[in-house]
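Quick note on labels: first sequence line is chain A, next is B, and so on, each numbered from 1.
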Protein chains: 2
Amino acid sequence: MAEREVDRSVSQTVKAQLALRDQILSGSLRPGERISELQAVETTGASRTPVRMALVRLEEEGLLEAIPSGGFMVKAFSERDISDSIELRGTLEGLAARFAAERGVSARELEPLKECLAAIDELLRQVPISIDAFSSYVTLNARFHALLTELSRSPPLIRQIDRASALPFASPSAFVMAQSALTEAQQILIIAQEHHRVVIDAIENREGARAEAVMREHARLAVRNLRLALRNRTHLDLLPALALIRTATD
Amino acid sequence: MAEREVDRSVSQTVKAQLALRDQILSGSLRPGERISELQAVETTGASRTPVRMALVRLEEEGLLEAIPSGGFMVKAFSERDISDSIELRGTLEGLAARFAAERGVSARELEPLKECLAAIDELLRQVPISIDAFSSYVTLNARFHALLTELSRSPPLIRQIDRASALPFASPSAFVMAQSALTEAQQILIIAQEHHRVVIDAIENREGARAEAVMREHARLAVRNLRLALRNRTHLDLLPALALIRTATD
DNA sequence: TGCATACGTTATGTATACAATAGCGGGGAG
DNA sequence: CTCCCCGCTATTGTATACATAACGTATGCA
């Protein structure tokens, strides 16, 4: 271990996990490909023990699959898997929105969400939206959804939604992007923004059923757009997550 | 490792995971208590590496919580956490039922579910139900729910439901039991059985919305019964899972 | 020529040794 | 008497050595 550079600021396990996840999502490791521990040790700089812990975590996270005879391989997802995951996440977010509405949320708690909303409005104002602005949108959208989830005040639900979001394709906005050119995508984002606005309103007025319904519709919109996107296959380069789709069988 | 008895039929990691889960659910390890690796090594018979892997898996499973300064502790759950988890699971099962209904299921696939149903009917016929019969019921009920989940044909959803069920309190029937004496519990089981029957019927007739609704109602019933059960505190000895409730704050 | 078996290589599963850190207890000083 | 600091101990994080099983290849026999 003479030349091994050890970064003590973060644990080796976390470092390995991040590095491996990166490799998977960037496509360096292809779906179905077996992950060699030895190779992972070389590329991550950690030793076998933390690498193995990282592999276990990534398996639980859903990115890897255990091979019966031993070791792990990168999981492959069908288009159906991905659209189901989006709907799944939407269903859970719907529950979160309902919990938030039923349990009551103070105006102060809604503040950050409204700020988020305003920031997104600002981004969507420019037509056509720029790539940079779109990238900001993705971040803000993720923030909005995370904040919304928090409003449920339900740790088990929040945890589960995190898990469902772990697979990167759970970010609906990225798929919207895939659909077509930016100007067309923007129209869809504007509809999505409308959903965001409605869910806030429903929560404010403590209308649980409406809050839930709109989040589910929100996900259904994302699924429809994913379908279209995969037909068109434009801007797919913006979607590292789609590198995980390799299976033809559905 | 002279005296170490190694059972080569299952991996040490799995063995350790099962043993630790058992200790947690049986209450040998109390919520909030730190799990010592060394101690776990002694009680499980595996060495530190597989024990650590097991701990990571149990953390991902939700039974353990990582301590910032290192190590793991047994997670504690509030009553709210548990009822939310039941509702969460019911929501996911509702989605599964809807998928099954919408995507279509052959009569042959429904066969095992109907057998399960019949077996449960048989058990419920004797009044009052015996403890043994109740125990069989728990098994059969779990089987029914697992089969139903499978019908969705959606690997991501199935996976997520498994995760949501990992926490043992997700088994609604066990909570029903907690409510009161067996004869009273039996009445509730009969209602639950009616739900089972309706969901099968809805799936057969491809009524997605109805299938989903009944599963959610099924979960809501379980939540109501949990609330009652915790007021009455009878038969709690049948509920090892409740050993996980320790927090007074909700 | 093709298949089966045996051997070797390689990778994973397991165990343990080593390193570092956090928590605790004791002792000293204010 | 109390509080703070230093050092020790116990426990986790990391690295590596060892065991074992699987896969591939080569060789021999049918």
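Listed pair A/T13 / D/dT14 meets the phosphate criterion, a side-chain N or O lying under 4.0 Å from OP1 or OP2. Between A/R52 and the phosphate of C/dG13, there is a side-chain N or O to OP1/OP2 separation shorter than 4.0 Å.
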Report the C-alpha distance between A/E61 and A/R21 in whole Å, list the side-chain angles of each, state the deciding distance to 0.1 Å, and finish with yes or no for salt bridge (charged side-chain N to carboxylate O under 4.0 Å, His left out). CA-CA 10 Å; A/E61 202 170 299; A/R21 180 157 37 204; 2.3 Å; yes

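B/I35 comes within 4.0 angstrom of the backbone, heavy atoms only, and of no base. Heavy atoms of B/I67 sit nowhere under 4.0 angstrom from any nucleic acid atom.
For the pair B/Q17 CD and C/dT14 P, the interatomic distance rounds to 12 Å; values are reported in whole Å. For the pair A/K15 NZ and D/dG13 P, the interatomic distance rounds to 16 Å; values are reported in whole Å. As a whole-Å value, the separation of A/Q39 CD from C/dT10 P is 15 Å. Taking atom CE of B/M73 as the reference point, atom P of D/dT11 lies 18 Å away to the nearest angstrom. Spacing between atom CG of A/L38 and atom C1' of C/dT12 amounts to 11 Å, rounded to whole angstrom units. Here C/dA19 presents its C1' atom at 12 Å from CD of A/Q12, a figure rounded to the nearest Å. Between the P atom of C/dA11 and the CG atom of A/L55 lies a distance of 15 Å, rounded to the nearest Å.
For A/L95 against B/L88, the heavy-atom pair with the smallest separation is CD2-CA, 3.8 Å.
A salt bridge links B/E59 with A/R57: the closest approach of a Lys/Arg side-chain nitrogen to an acidic carboxylate oxygen falls below 4.0 angstrom.
Atom CZ of A/R143 has 12 or fewer neighbouring heavy atoms from other residues, nucleotides or ligands inside a 6.0 Å radius.
A residue-by-residue look at A/G71 and B/R34 shows that A/G71 has its nearest nucleotide of DNA chain C further toward the 5' end. Take the nearest nucleotide of DNA chain C for B/R48 and for B/S69: the residue whose nucleotide is more 5' is B/R48.
You'll find a donor-acceptor pair under 3.5 Å spanning the side chain of A/T49 and the base of D/dA15, going by distance alone.
Shown are A/V74, A/L63, A/L55; of these, the side chain to side chain contact (heavy atoms under 4.5 Å, CB included) with A/L20 is made only by A/L55.
With D/dT14, C/dA15, C/dG13 as the candidates, the nucleotide lying closest to the side chain of A/E37 is C/dG13.
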